[in-house]
Amino acid sequence: MGRIIATEHISLDGVVEAPGPGDIGDHPHKGWVFDFEPGERGERYKLDEALAAEVLLLGRVTHETVAAFWPWFDGPFADKLNAMPKHVLSTTLERADWTDSTILRGDLVTEVTRLA
Amino acid sequence: MKLTTITHVSVDGVMQGLGGPDEDRRGGFERGGWALPLFDNEAETFLAEVFRRADAFLFGRRTYEIFAGSWGTGSWGANQGNNPISVALSTRPKYVASTTLTDPQWADTTVLSGHAVGELKAKPGGELQVHGSGNLVRWLVDNHLVDEITLLTYPVVVGQGTRLFPATGPDTALDLVDSRATPNGVTIQVYRPAGRPQYATATPTPSR
């Protein structure tokens with residue numbers, strides 16, 4: 001059985017919406033994460049986290065944001081994200097074009113348990 | 001005076017009923033006592049130091065009543081005479097921001113209006129501490145009266161109860177000035193409010 005790791009950018013008051021400036025929705029302060037320079041340790045943490053992962057599991061909204069963003073970039077972090085298999089949980093999404101993307105439409109618990 | 005706030009919160013920001021099931025059941029809150037099982041010696045030492053350096057305390061009405069009914073009764077714990085929290089609370093002046101409280105029972109308590117809080121803070125020197133008191137903390141932060149925010153964040157998602165920061169409210173930038181973790185995973189952060197946050201406007205180019 002694999003491990004599922006949830007990783008979130010979160011403000012002190014618990015906001016996780018629209019951390020990136022190109023994120024979907026009408027949040028008035030999209031991109032708030034980029035006010036903070038993560039520094040070498042912060043960059044390293046996110047890179048190590050990505051390199052240690054085998055599969056990306058995403059909800060529909062986050063998938064739409066990141067799938068439109070990362071294919072345009074390269075480097076160790078972007079290359080890893082672009083290459084690894086992605087699973088998107090959605091009952092409405094018709095196609096997912098990012099490399100190696102699969103749409104999971106069935107029962108969420110069953111699908112995720114099978115993955116893990 | 002330097003105005004500091006000290007708040008115990010869960011990872012999901014809940015601050016209600018941290019000490020026990022009957023501390024605060026408002027709104028049907030059934031998960032009281034979430035902090036105490038995680039409160040370890042290191043958190044206790046940190047908190048004792050915080051209380052020791054206080055010159056006065058400012059409370060909201062609700063937290064004042066909880067404190068007055070526990071620390072104020074002399075019935076809390078076996079060695080309350082030596083407990084730094086008890087000593088600080090019983091020997092320093094206490095202020096309550098309330099429009100309804102008229103006859104506080106705890107010695108050395110003064111009831112204040114919101115306007116008078118500003119005057120108290122304007123006095124030179126000393127540290128005025130706010131423990132708990134969620135409504136008051138939100139009001140103080142919104143009115144730019146807070147010099148330092150200390151959060152003790154407990155590794156638990158409580159899933160109900162009053163949050164320190166509401167779902168919608170004013171925004172504040174914070175500078176982190178201290179950060180540590182205790183053996184039980186309580187993370188202690190000290191922040192200084194730093195005006196309005198700045199928000200990114202252009203799409204950044206990843207450097208990786």
Side-chain angles (χ1 to χ4, degrees), chain A residues 5-53 64-84, chain B residues 5 7-15 134 137-138 141-142 146 148-179 187-208:
Chain A
I5 300 170
T7 178
E8 301 284 340
H9 295 285
I10 186 166
S11 72
L12 199 65
D13 53 341
V15 174
V16 295
E17 187 179 349
D23 287 353
I24 290 162
D26 55 2
H27 193 278
H29 298 308
K30 277 182 195 185
W32 50 269
V33 155
F34 290 92
D35 305 331
F36 301 92
E37 176 51 55
E40 211 172 291
R41 278 176 68 196
E43 298 265 358
R44 187 78 228 171
Y45 182 90
K46 293 306 286 182
L47 178 61
D48 288 347
E49 183 184 66
L51 293 178
E64 276 183 39
T65 303
V66 294
F69 184 80
W70 288 109
W72 302 96
F73 294 92
D74 51 23
F77 187 80
D79 290 350
K80 171 71 184 187
L81 255 57
N82 288 327
M84 72 203 287
Chain B
T5 68
T7 317
H8 304 262
V9 292
S10 65
V11 166
D12 53 339
V14 173
M15 60 175 298
V137 169
R138 282 187 286 277
V141 171
D142 294 351
V146 177
E148 216 166 77
I149 296 171
T150 294
L151 294 183
L152 291 90
T153 306
Y154 291 72
V156 55
V157 174
V158 176
Q160 58 171 235
T162 340
R163 265 74 171 175
L164 174 58
F165 295 106
T168 304
D171 50 358
T172 308
L174 301 166
D175 290 333
L176 180 68
V177 292
D178 190 19
S179 175
T187 58
I188 302 172
Q189 284 101 6
V190 182
Y191 297 98
R192 292 203 185 112
R196 288 284 313 280
Q198 292 185 332
Y199 295 100
T201 48
T203 304
T205 307
S207 54
R208 321 173 176 91

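Below, read A as the first sequence line, B as the second, and so on, with proteins coming before strands; counting in each chain starts at 1.
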Which of the residues B:Gln189, B:Arg163, B:Gln198 is involved in the greatest number of heavy-atom pairs with chain A at under 4.5 angstrom?
->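 Looking at each option in turn, the highest pair count goes to B:Gln198.
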Working to the nearest 0.5 Å, report the span between CG of B:Leu164 and CG of A:Leu12.
->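 CG of A:Leu12 is found 7.5 Å from CG of B:Leu164.
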To the nearest 0.5 angstrom, please state how far the CG atom of A:Asp13 sits from the CG atom of B:Asp12.
->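 So the CG of A:Asp13 and the CG of B:Asp12 are separated by 12.5 Å.
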Can you find a pair of side-chain heavy atoms, one from A:Trp32 and one from B:Asp171, that are under 4.5 Å apart?
->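 Counting from C-beta outward, A:Trp32 and B:Asp171 never come under 4.5 Å.
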Is the number of heavy atoms from other residues, nucleotides or ligands under 6.0 Å of A:Tyr45 OH greater than 12?
->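 No, the 6.0 Å shell around OH holds no more than 12 heavy atoms from other groups.
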